[in-house]
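What follows is a single structure, written as structure tokens, with notes after it.
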Amino acid sequence: MPHFDAIVVGAGQSGPFLAARMVAKGMTVALIERKFLGGTCVNAGCMPTKTLVASARAAHVARRAADYGVKIPGAIGVDMAVVRKRAETVTMNARNGLINWFADMDGMTVIYGHARFENAHTLTVNGETLTAPKIFLNVGARPTIPDMPGIGDIDYLTSTSIIHLNSLPRHLAVIGGSYIGLEFAQMYRRFGAEVTVIERGPKLASREDADISDAIADILRSEGIAVYTDADGIGFSKAADDIRVSIGSSRPAVEASHVLIATGRTPNTDDLGLDKAGVVTDKRGYITVDDKLATNVEGIWALGDCNGRGAFTHTSYNDFEIAAANLLDGEDRKLSDRILAYALYIDPPLGRVGMSEREARATGRKIMISTRPMSRVGRANERAETKGFMKVIADAETQQILGAAILGIEGDEVIHGFIDAMNAKATYPVLKWAVPIHPTVSELIPTLLGDLQVV
């Protein structure tokens with residue numbers, strides 16, 4: 001029975017880095033992965049999808065070349081086989097980098113297989129039994145497939161399978177109007193497909209304020225994407241070579257060649273034998289953790305998407321940082337200290353940090369708000385990309401920045417000015433009097449803060 005100082009189950013954005021830190025401390029570590037090193041980000045998430053987004057943007061900019069005085073003879077075409085190969089290359093380079101890193105690491109044992117608990121400190125993998133006093137679960141999540149009428153009768157795509165398409169869909173119906181679905185919707189429209197987004201709720205990107213959601217919908221519609229919200233009767237049936245998607249009794253059905261199901265994600269915790277270890281999960285299957293990522297069972301921690309405390313690569317990596325700091329460096333870091341930030345990678349992108357206006361108002365604070373359209377940003381005009389707006393929310397009494405949203409050109413980068421200020425607990429007047437570089441989008445942050453008003 002092989003015994004290790006620690007076992008890490010899952011090789012996403014927490015597990016491998018924590019395993020490496022423990023090995024550097026002289027510990028023996030088993031890293032168990034049932035599929036590929038790198039987890040969702042490297043293999044089916046951020047890296048391949050943002051590579052696809054970049055290809056789609058290149059096609060979009062090429063079609064707009066005449067707006068910039070650039071002449072490109074003939075129609076702009078997209079070779080989907082080359083697009084797919086480019087994304088696969090990015091993935092394989094990252095995956096192989098991890099493989100080579102671990103191959104040279106004494107004290108690390110990488111095992112490919114499906115781990116299951118026998119008890120709180122014992123796992124079986126490929127018929128072999130492993131033990132360790134410390135076990136870290138970094139098993140990630142997978143696309144959720146809802147129980148919709150007729151879904152079992154059709155071939156559908158998920159965010160994992162769609163990145164392997166070699167040909168362009170004639171008409172892609174995207175079921176789900178949240179972050180993953182919207183990125184693929186715009187991407188495939190720019191590749192040349194007809195695209196329809198179908199959302200059961202009243203708005204796209206439902207966690208955002210209404211002004212942000214409405215602006216996102218306007219951006220997508222401006223590129224010829226059909227958007228349906230309040231779709232209360234989604235169902236599927238075959239229609240010759242197509243798929244008929246019903247979206248409610250008062251609306252005509254959509255005839256699509258391909259359907260992408262993008263209705264959320266489900267944690268990969270249902271086949272680990274957690275009950276044998278006594279590990280508690282919530283009703284959605286997420287592993288319950290405390291402020292330091294420990295489960296209810298001593299010696300077991302849960303990191304990354306499977307703990308429900310963040311659904312992003314950077315939050316998963318921060319889980320590693322918290323666990324490593326507390327367990328290896330004698331620090332006292334907590335999940336509750338984390339200020340949530342994320343981006344939506346449509347084009348232009350949305351960068352977000354902290355509270356939305358809705359969330360800030362719900363706290364009962366006296367708040368200040370400032371907005372500025374991207375059409376009043378010099379850099380956006382110079383680049384002829386003026387869609388979207390900037391928004392910041394602050395506490396009128398403490399002058400702390402509560403949250404910000406940048407929906408516009410380079411919004412995923414500009415938002416870091418607010419992220420840094422909020423983590424430094426700087427009041428908004430400190431940032432207001434900064435002297436930024438011109439011409440940039442970020443140079444408007446002080447101006448935006450100067451326009452804060454109680455509303």
Side-chain angles (χ1 to χ4, degrees), residues 1-39 41-42 94-140 268-269 272-274 276-279 287 289-307 309 313 315-335:
M1 182 183 297
H3 179 80
F4 298 88
D5 295 320
I7 296 173
V8 178
V9 182
Q13 292 303 301
S14 290
F17 299 99
L18 180 59
R21 279 294 316 276
M22 289 188 291
V23 168
K25 289 285 189 179
M27 299 170 65
T28 57
V29 179
L31 176 62
I32 304 168
E33 171 55 51
R34 73 169 81 182
K35 291 184 178 179
F36 307 111
L37 297 183
C41 176
V42 167
R95 188 193 300 169
N96 289 334
L98 289 170
I99 291 172
N100 294 334
W101 183 34
F102 292 137
D104 295 332
M105 195 176 295
D106 292 336
M108 174 78 76
T109 302
V110 179
I111 302 170
Y112 290 95
H114 182 182
R116 294 179 177 84
F117 279 100
E118 291 299 316
N119 57 55
H121 298 290
T122 306
L123 293 164
T124 58
V125 188
N126 303 329
E128 186 175 33
T129 300
L130 315 176
T131 65
K134 293 181 173 64
I135 297 176
F136 301 87
L137 304 176
N138 179 217
V139 294
N268 294 321
T269 59
L272 299 178
L274 293 179
K276 291 185 177 180
V279 175
I287 298 172
V289 295
D290 65 15
D291 213 20
K292 295 186 177 181
L293 298 161
T295 70
N296 64 299
V297 177
E298 186 176 356
I300 301 178
W301 293 259
L303 316 174
D305 292 3
C306 68
N307 65 26
R309 304 294 291 273
T313 294
T315 54
S316 181
Y317 188 83
N318 183 237
D319 283 359
F320 143 66
E321 293 177 311
I322 292 171
N326 292 338
L327 296 172
L328 304 176
D329 302 331
E331 296 186 20
D332 184 23
R333 296 190 61 181
K334 303 179 179 65
L335 272 175

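Keep in mind the model is a prediction, meaning the values are calculated, not measured. Both backbone and side-chain heavy atoms feed into the values below; hydrogens, waters and symmetry mates do not.
- Looking only at distances, a side-chain donor or acceptor of D290 sits under 3.5 Å from a matching main-chain atom of K292.
- In this structure, D106 places its CG atom where only 12 or fewer heavy-atom neighbours from other residues, nucleotides or ligands lie under 6.0 Å away.
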Check your understanding: When you look at K25 and L328, which way does the side-chain contact (heavy atoms from CB on, under 4.5 Å) test go after all the steps?
Key -> CA-CA 8 Å; K25 289 285 189 179; L328 304 176; 4.1 Å; yes

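- You'll find the side chain of L137 stays beyond 4.5 Å of the side chain of L303, heavy atoms only.
- Counting only N and O atoms by type, the side chains of D319 and N307 include a donor and acceptor under 3.5 Å apart.
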Review point. Where do R21 and V23 land on the side-chain contact (heavy atoms from CB on, under 4.5 Å) test, with the steps shown first?
Key: CA-CA 5 Å; R21 279 294 316 276; V23 168; over 6 Å; no

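- Using a 4.5 Å cut-off on side-chain heavy atoms (C-beta onward), I99 and F36 make no contact.
- Using a 4.5 Å heavy-atom cutoff, the side chains of L130 and I32 are in contact.
- Atom CH2 of W301 sits about 10.5 Å away from atom CG of N326, to the nearest 0.5 Å.
- Listed for the T295 side chain is a donor-acceptor partner under 3.5 Å among the backbone atoms of I300.
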Exercise for review: Could you go through the side-chain contact (heavy atoms from CB on, under 4.5 Å) check for V289 and R309 one step at a time?
Suggested key: CA-CA 9 Å; V289 295; R309 304 294 291 273; 3.8 Å; yes

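- The number of heavy-atom neighbours closer than 6.0 Å to NZ of K334, taken from other residues, nucleotides and ligands shown, is above 12.
- Separating the CZ atom in R333 from the CG atom in D291 is a distance of 12.0 Å, to the nearest 0.5 Å.
- A distance-only check finds a donor-acceptor pair linking the side chain of N296 to the backbone of G278 [under 3.5 Å].
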Review point. Do T129 and T122 pass the side-chain contact (heavy atoms from CB on, under 4.5 Å) test, and can you show the C-alpha distance, the side-chain angles, and the key distance before you say yes or no?
Key: CA-CA 7 Å; T129 300; T122 306; 3.3 Å; yes

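- The structure places NZ of K276 at 9.0 Å from CZ of R116, a figure rounded to the nearest 0.5 Å.
- A heavy-atom distance below 4.5 Å is not found between the side chains of P133 and E298.
- Listed by chain and residue number, E321, R338 satisfy the side-chain hydrogen bond (donor to acceptor under 3.5 Å, both in side chains) test with N318 (two or more places apart in sequence, or in another chain).
- Using a distance-only test at 3.5 Å, with no hydrogens or angles considered, a donor-acceptor pair links the side chain of E33 to the main chain of K35.
- Taking 4.5 Å as the limit, every side-chain heavy atom of N268 sits out of range of all side-chain heavy atoms of D305.
- Sorted by first then second residue, the ring pair (Phe, Tyr, Trp, His ring centres under 6.0 Å) pairs that include residues 101-122, not counting sequence neighbours, are F17-W101.
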Could you pull out every donor-acceptor pair under 3.5 Å between side chains of residues 4-15 and any protein atom, sequence neighbours left out?
residue: D5; atom: OD2; partner: T28; partner atom: N; Å: 2.8
residue: D5; atom: OD2; partner: T28; partner atom: OG1; Å: 3.3
residue: Q13; atom: NE2; partner: G38; partner atom: O; Å: 3.3
residue: S14; atom: OG; partner: S316; partner atom: O; Å: 2.3
residue: S14; atom: OG; partner: S316; partner atom: OG; Å: 2.9

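- In this structure, C306 and V139 approach most closely via the heavy-atom pair CB-CG2, 3.7 Å.
- In plain terms, the two heavy atoms of V297 and A277 that are nearest each other are CG2-O, 3.4 Å.
- Just one of L37, I111, L18, T109 meets the side chain to side chain contact (heavy atoms under 4.5 Å, CB included) condition when paired with L31; it is L37.
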